[in-house]
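Working notes, beginning with the structure itself.
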Amino acid sequence: MKVIGINGSPRKNCNTATMVKKALDGAQSKGAKIELIHLYDLDYKGCKSCFACKLKDGKSYGICAARDDLTPILRKIEHCDALILGSPLYLGTATGEMRSFLERLIFPYLVYDNEGSSLFPRRMPIGFIYTMGVTEDLLDEIGYHQHFKTTERLAERIIGETETIYVTDTYQFDDYSKYVSTRFDPEEKLKRHREVFPRDLERAFELGGQFAKNR
Ligand SMILES: Cc1cc2nc3c(=O)[nH]c(=O)nc-3n(C[C@H](O)[C@H](O)[C@H](O)COP(=O)(O)O)c2cc1C
């Protein structure tokens with residue numbers, strides 16, 4: 001049983017990475033082997049639309065033909081049992097690195113047929129973790145969920161069941177007094193970080209444990 005966690009934040013020890021690590025801890029607590037990958041350590045691009053993955057009788061049919069740092073990671077994912085994908089919200093969506101990663105992960109397995117077939121070799125659960133500055137109320141009001149549902153639906157069709165955790169109102173700066181950020185109340189932010197973020201981490205731990213237990 002192997003669970004791979006992908007950190008789609010440039011920061012290796014902040015909100016997103018901490019959540020992904022906690023989910024991996026949860027999986028490990030149930031006996032899974034774990035691996036954490038930081039996308040920003042890798043040199044890669046998104047899908048280049050070469051369509052080698054769709055070429056009839058092509059040697060890369062169903063596989064991404066691009067060769068870069070993501071190539072071995074995509075091969076590893078074919079053999080793991082669950083994925084945890086974490087990303088901060090950047091301008092209303094996942095980071096560019098996470099989007100590029102998802103293009104390369106999902107598109108090669110997606111068959112252009114009327115049945116919506118998948119070439120992924122089996123079903124595997126995916127946990128999405130999104131961290132963001134907006135409050136829970138604003139998350140609903142802006143309707144970010146709808147956007148993420150599109151990705152979830154696609155991942156469900158192509159790879160396997162999905163679970164999503166939203167972490168709102170995150171603590172963004174090491175010291176709010178150093179930055180122009182009058183929109184935020186530093187004390188409220190710190191309070192939430194101390195009181196609510198630990199509960200978010202518990203949810204991540206449970207998610208990882210649940211993925212490992214159900215396999
Ligand atoms: C370039 C950039 C764009 C952002 N855009 C949004 C946004 O659209 N909505 C939001 O709620 N938070 C936004 N944020 C805040 C981050 O999503 C939030 O602080 C997140 O928890 C950071 O994750 P990290 O600590 O793992 O880096 C943005 C931050 C950056 C740096």
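Order of listing sets the numbers, starting from 1, for every ligand and every atom in it.
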(request) Applying side-chain contact (heavy atoms from CB on, under 4.5 Å) between Leu119 and each of Val111, Ile158, Ile63, report the one that passes. (result)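 One option only clears the test, and that one is Val111.
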
(message) Please identify which of these residues, Leu85, Asn15, Ile6, Ile84, meets the side-chain contact (heavy atoms from CB on, under 4.5 Å) condition with Val20.
(response)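 Testing each of Leu85, Asn15, Ile6, Ile84 against Val20, the sole residue satisfying side-chain contact (heavy atoms from CB on, under 4.5 Å) is Ile84.
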
Could you tell me whether [X] and [Y] have a side-chain N and a carboxylate O separated by less than 4.0 Å?
X: Asp185; Y: Lys191; result: no
X: Lys189; Y: Asp169; result: yes
X: Arg123; Y: Asp81; result: no

(message) I'd like to know if the side chain of Thr162 pairs up with that of Glu152 as donor and acceptor (distance under 3.5 Å, no hydrogens or angles considered).
(response)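 Side-chain D/A pair, Thr162 to Glu152: absent.
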
(request) For ligand 1, would you mind listing the residues that have at least one heavy atom less than 4.0 Å away, ordered by chain and number? (result)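 For ligand 1, the contacting residues are Ser9, Arg11, Cys14, Asn15, Thr16, Pro88, Leu89, Tyr90, Leu91, Gly92, Thr131, Met132, Gly133, Val134, Tyr144, Thr170, Gln172.
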
